[in-house]
Enquirer: 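This structure is in structure tokens; I'll ask about it shortly.
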Amino acid sequence: MRKRRSGPTLRRLGILRETSLNAARLGDQGDILMSEHACHNLFVFQAFDQITRTVCAEWRVQIDDQDQLRSILGAESDGDPALEYCYDGLSRTDICRIGKLCLPPIVPDSIFTAICRPFLAFDEIPYLIHTNFELPLMLEGRKPLAVFGDGYPSEWFDEFLAPFEPFVASGRLIRRIIDTPMPHLKKHRPDLEGMRDVFFAIPGEEWRIDAYFDKIKNRTSDWDDDLERLQGSLLGYEEWQNDWWIEQRVKRRNAAT
């Protein structure tokens, strides 16, 4: 079994670490969204596609006896008081034991191998957020660009991006890696050389990499609604989706004044 942080945004290494930089729409820019754990007794069984390694099915359940759940998860749940991590690679036996804790008790389908918290904010958004679905969306031609970033070297980051590798090798995806050395980072993390940005584009959309790097990553102005819209457009969100997102930002900003 493997434990990893659930939800669309990961904080790792003590520096910015997002599952994808389109998750900025759900991370530092994500004040629009509700609390991840508005319902403390809700969990989600997850199944993963064997090729893209992304979630292909979910089943939301209620579990009140979280002490029993913790006993099934074992030592991996130590240091996770709210059970906010995703626990995958669970055995069929453990999945069925967890199913018995559900209200009402269930027998989960054999495709499910993980359990985590639901990200309830997704329920409030009238379209699919790309985060954690980047690869299948790109293979379907529905997403032209995906952007990821982490400190380097990082075995964890390499493992996270491994599902993209066969499609880069076959030419279905274009990849560009940009490393930014950060000598001052070594004072806090001597194992790191700097930050690595990894861009994936579908053929014919490579221009978006340059545009994202120049206008988003290397911007010289403060973040604003225009940059938010540009980021969304480059990442493949439709115009009406960007309209909705910006409208929510404006509403929240006005409510705070």
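Fair warning: this is a prediction, and the values are worked out from it, not measured in the lab.
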Enquirer: Quick one, Arg70 with Asp67, criterion salt bridge (Lys or Arg N to Asp or Glu O under 4.0 Å). Give me CA distance, side-chain angles, the key distance, then yes/no.
Expert: CA-CA 5 Å; Arg70 190 180 299 278; Asp67 289 336; 5.0 Å; no

Enquirer: Could you walk me through whether Asp150 and Phe160 pass the side chain to side chain contact (heavy atoms under 4.5 Å, CB included) test, one step at a time?
Expert: CA-CA 11 Å; Asp150 200 359; Phe160 177 78; over 6 Å; no

Enquirer: Can you tell if the side chain of Phe157 reaches within under 4.5 Å of the side chain of Val198, non-hydrogen atoms only?
Expert: yes

Enquirer: So how far is it from Gln241 CD to Glu239 CD, rounded to the nearest 0.5 Å?
Expert: 10.0 Å

Enquirer: Could you tell me which non-hydrogen atom of Tyr237 sits nearest to which non-hydrogen atom of His130, and how far apart they are?
Expert: OH-N, 3.0 Å

Enquirer: Would you say the side-chain atoms of Arg229 pair up with the backbone N or O of Ile246, donor to acceptor, closer than 3.5 Å?
Expert: no

Enquirer: Begin from the C-alpha positions of Glu193 and Lys186 and carry the test side chain to side chain contact (heavy atoms under 4.5 Å, CB included) through to its verdict.
Expert: CA-CA 7 Å; Glu193 299 293 333; Lys186 281 188 169 292; 3.2 Å; yes

Enquirer: Do the side chains of Glu228 and Asn242 get nearer than 4.5 Å, heavy atoms only?
Expert: no

Enquirer: Please tell me if the side chains of Tyr87 and Thr113 come closer than 4.5 Å, counting only heavy atoms from C-beta onward.
Expert: no

Enquirer: Quick one: closest heavy-atom pair of Glu205 and Pro144, and the distance?
Expert: CG-CB, 3.8 Å

Enquirer: Let me check something: do Trp240 and Leu230 share a hydrophobic cluster, defined by ILVMFWY side-chain heavy atoms less than 4.5 Å apart, either directly or through other members?
Expert: yes

Enquirer: Taking distance alone, no hydrogens or angles, what donor-acceptor pairs closer than 3.5 Å link side-chain atoms of residues 171-181 to residues at least two apart or in another chain?
Expert:
| residue | atom | partner | partner atom | Å |
| --- | --- | --- | --- | --- |
| Arg172 | NH2 | Leu139 | O | 3.3 |
| Arg175 | NH1 | Glu165 | OE1 | 2.7 |
| Arg176 | NH1 | Asp210 | OD1 | 2.5 |
| Asp179 | OD1 | Arg196 | NE | 2.6 |
| Asp179 | OD2 | Arg196 | NH2 | 3.0 |

Enquirer: Charged N to carboxylate O under 4.0 angstrom, Glu134 versus Lys143?
Expert: no

Enquirer: Carefully, step by step, assess Asp197 and Lys217 under the rule side chain to side chain contact (heavy atoms under 4.5 Å, CB included).
Expert: CA-CA 9 Å; Asp197 293 298; Lys217 292 291 295 182; 3.2 Å; yes

Enquirer: Looking at Asp78, Asp94, Leu90, which hits side chain to side chain contact (heavy atoms under 4.5 Å, CB included) with Leu73?
Expert: Leu90

Enquirer: Quick one about Thr54 and Thr52 (side-chain donor to acceptor, distance below 3.5 Å, no hydrogens or angles considered), yes or no?
Expert: yes

Enquirer: Do the non-hydrogen side-chain atoms of Asp225 and Arg253 ever get within less than 4.5 Å of each other?
Expert: yes

Enquirer: Has the side chain of Glu159 got a donor or acceptor atom that lies under 3.5 Å from a matching backbone atom of Trp156?
Expert: no

Enquirer: Go through the side-chain N and O atoms of Gln66 and Asp64 and say whether any donor and acceptor fall under 3.5 Å apart.
Expert: no

Enquirer: Could you tell me if the side chain of Glu238 sits less than 4.5 Å from the side chain of Trp244, heavy atoms only?
Expert: no

Enquirer: Looking at side-chain heavy atoms only, is the closest gap between Ile63 and Asn41 below 4.5 Å?
Expert: no

Enquirer: Rounded to the nearest 0.5 Å, how far apart are CG of Asp158 and CD of Glu155?
Expert: 7.5 Å

Enquirer: Within the 4.5 Å heavy-atom criterion, are Ile209 and Phe200 side-chain neighbours or not?
Expert: no

Enquirer: Determine the minimum heavy-atom distance between Arg117 and Glu84, stating which atoms define it.
Expert: CG-CA, 4.0 Å

Enquirer: Quick check for you: to the nearest 0.5 Å, what is the distance between Phe48 atom CZ and Asp88 atom CG?
Expert: 5.0 Å

Enquirer: So if you build clusters from Ile, Leu, Val, Met, Phe, Trp, Tyr with side-chain heavy-atom gaps below 4.5 Å, do Ile106 and Ile98 land together?
Expert: yes

Enquirer: With sequence neighbours left out, write down each residue that passes side chain to side chain contact (heavy atoms under 4.5 Å, CB included) with Pro163, or none if nothing qualifies.
Expert: Arg53, Leu135

Enquirer: At what distance, to the nearest 0.5 angstrom, does CH2 of Trp59 lie from CD1 of Ile115?
Expert: 11.5 Å

Enquirer: Is Leu103 linked to Phe45 within one hydrophobic cluster, defined over Ile, Leu, Val, Met, Phe, Trp and Tyr using a side-chain heavy-atom separation of less than 4.5 Å?
Expert: no

Enquirer: Evaluate Gln62 against Cys102 for side chain to side chain contact (heavy atoms under 4.5 Å, CB included), listing each step before the verdict.
Expert: CA-CA 5 Å; Gln62 177 180 334; Cys102 298; over 6 Å; no

Enquirer: In Å and rounded to the nearest 0.5 Å, what is the CZ to CE distance from Phe133 to Met138?
Expert: 15.5 Å

Enquirer: What are the two closest heavy atoms between Phe112 and Ala47, and how far apart are they?
Expert: CD2-N, 3.6 Å

Enquirer: Answer yes or no: is there a side-chain heavy-atom contact under 4.5 Å between Phe43 and Leu101?
Expert: no

Enquirer: If every non-hydrogen atom of Trp223 is compared with every non-hydrogen atom of Arg249, which pair is closest and at what distance?
Expert: CD1-NH2, 4.0 Å

Enquirer: Would you say Val44 ends up clustered with Leu69 if hydrophobic residues are merged whenever their side chains have heavy atoms under 4.5 Å apart, either directly or through other cluster members?
Expert: no

Enquirer: Hey, could you give me the CG/SG distance between Leu42 and Cys116, rounded to the nearest 0.5 Å?
Expert: 11.5 Å

Enquirer: Please name the pair of heavy atoms, one in Ile95 and one in Ala114, separated by the smallest distance, quoted to 0.1 Å.
Expert: CD1-N, 4.1 Å

Enquirer: Out of Phe199, Phe164, Tyr212, which one pairs with Phe148 under the ring pair (Phe, Tyr, Trp, His ring centres under 6.0 Å) rule?
Expert: Phe164

